[in-house]
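Worksheet: the structure to be examined is printed underneath.
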Amino acid sequence: IGHVKDPSTDHQLSFSERSGVLFVGAFHKNMYYNGDAIRWFLERCYSNVAAPLTIAGFLVPRELKEYVESRTDSHRITILDKVDDLSELYATHRVFIAPHQYACGIQYKVSESLSFGLPTVMSKVTYNAFGFNDGGEAIFEADQASYTRAQSVLHEQKKREERDAFAQARQAAIAAT
């Protein structure tokens, strides 16, 4: 299996020490696939999300940068281009999103996020590509309202629910390997 990722033991921050929503994607200066996914999330979901968003990419296209700059909530969105090591980003955010609306192979970034114990909200397309079983390994949401709600709920969970969310994500990382 080419997409095996062992659970990370680095950066074991508590849920309360983490913040924000993370999206990771290689763009190669075009909007195809990863660009489509983050644009879908920004257009349909993000205005209802209170948490800051980090977009970590490789060769982020000008089109996406200009779109983010044109938004009234652009002050809550950070774009990082050419990040060599994503470990710190996975370890310091509360929620990872994979809002891809069509498939294009297995998303290693999802394996990585889960290996860091990062609760991951993904589209049904991504969820099915991993072969997760229904029952809590990861969260998938098919439409924009439920996707937004799931992402927001995960981000705002407090201490009692923290153990459950992190345990679920850890189980998913182990099951995905």
Side-chain angles (χ1 to χ4, degrees), residues 2-3 5 8 10-11 13 17-130 138-145 147-152 154-155 169 173 176:
H3 297 310
K5 180 75 176 148
S8 174
D10 297 337
H11 306 291
L13 297 178
E17 293 174 299
R18 297 174 178 226
S19 68
V21 177
L22 177 63
F23 176 85
V24 172
F27 295 94
H28 300 283
K29 296 185 180 178
N30 70 64
M31 289 295 289
Y32 177 71
Y33 190 60
N34 286 313
D36 289 345
I38 194 60
R39 180 105 185 210
W40 179 89
F41 178 77
L42 288 168
E43 288 177 350
R44 297 195 170 106
C45 305
Y46 191 61
S47 61
N48 297 313
V49 174
L53 171 66
T54 300
I55 301 168
F58 177 73
L59 300 176
V60 177
R62 183 179 323 150
E63 177 184 348
L64 179 58
K65 291 175 183 178
E66 289 172 354
Y67 172 70
V68 168
E69 288 171 7
S70 74
R71 293 176 56 93
T72 58
D73 57 1
S74 63
H75 63 283
R76 299 188 307 123
I77 304 168
T78 302
I79 296 177
L80 304 174
D81 204 350
K82 300 178 184 174
V83 178
D84 291 329
D85 183 1
L86 296 167
S87 303
E88 188 170 335
L89 293 174
Y90 287 125
T92 58
H93 284 79
R94 283 192 179 177
V95 177
F96 183 80
I97 58 169
H100 298 79
Q101 300 303 297
Y102 51 91
C104 190
I106 295 290
Q107 296 179 6
Y108 190 69
K109 60 188 148 222
V110 172
S111 297
E112 284 186 316
S113 71
L114 293 170
S115 79
F116 277 88
L118 189 54
T120 300
V121 181
M122 62 189 76
S123 65
K124 187 167 184 161
V125 169
T126 302
Y127 186 88
N128 288 339
F130 273 87
I139 295 175
F140 80 85
E141 299 299 341
D143 62 71
Q144 63 195 41
Y147 197 95
T148 302
R149 186 174 47 255
Q151 184 282 135
S152 294
L154 273 175
H155 190 272

So, [X] side chain and [Y] main chain: donor-acceptor pair closer than 3.5 Å or not?
X      : Y     : answer
Gln101 : Pro99 : yes
Arg94  : Arg18 : yes
Thr92  : Glu88 : yes

Do [X] and [Y] have side chains that get closer than 4.5 Å, going by heavy atoms?
X     : Y      : result
Leu89 : Val24  : no
Ile38 : Ile97  : yes
Tyr46 : Ile77  : yes
Val95 : Leu118 : no

Rounded to the nearest 0.5 Å, what separates atom [atom1] in [X] from atom [atom2] in [Y]?
X      : Y      : atom1 : atom2 : result
Tyr108 : Ser113 : OH    : OG    : 11.0 Å
Glu112 : Thr120 : CD    : OG1   : 11.0 Å
Phe27  : Asp81  : CZ    : CG    : 8.5 Å

If I compare all heavy atoms of [X] with all of [Y], which pair ends up nearest, and what's the gap?
X      : Y     : answer
Cys45  : Trp40 : SG-CZ3, 3.7 Å
Ser70  : Tyr67 : OG-O, 2.7 Å
Val110 : Ala98 : CG2-CB, 3.8 Å

Identify all side-chain donor-acceptor contacts of residues 53-66 below 3.5 Å with residues at least two apart in sequence or on another chain.
residue, atom, partner, partner atom, Å
Thr54, OG1, His93, NE2, 3.0

Applying side chain to side chain donor-acceptor pair (under 3.5 Å), name anything that partners Asp85, two or more places apart in sequence or on another chain. Ser87
Mind checking ring pair (Phe, Tyr, Trp, His ring centres under 6.0 Å) for Tyr90 and listing every partner two or more places apart, or none if nothing turns up? Phe96, Phe116
Using side chain to side chain donor-acceptor pair (under 3.5 Å), reason through Asp36 and His100 one step at a time and then give a plain yes or no. CA-CA 7 Å; Asp36 289 345; His100 298 79; over 6 Å; no
Step through it carefully: locate the ring centre of Tyr102, locate the ring centre of Tyr33, and say whether they are under 6.0 Å apart. yes
Among all residues two or more places apart in sequence or in another chain, which pass the salt bridge (Lys or Arg N to Asp or Glu O under 4.0 Å) test with Asp73? Arg71, Arg76
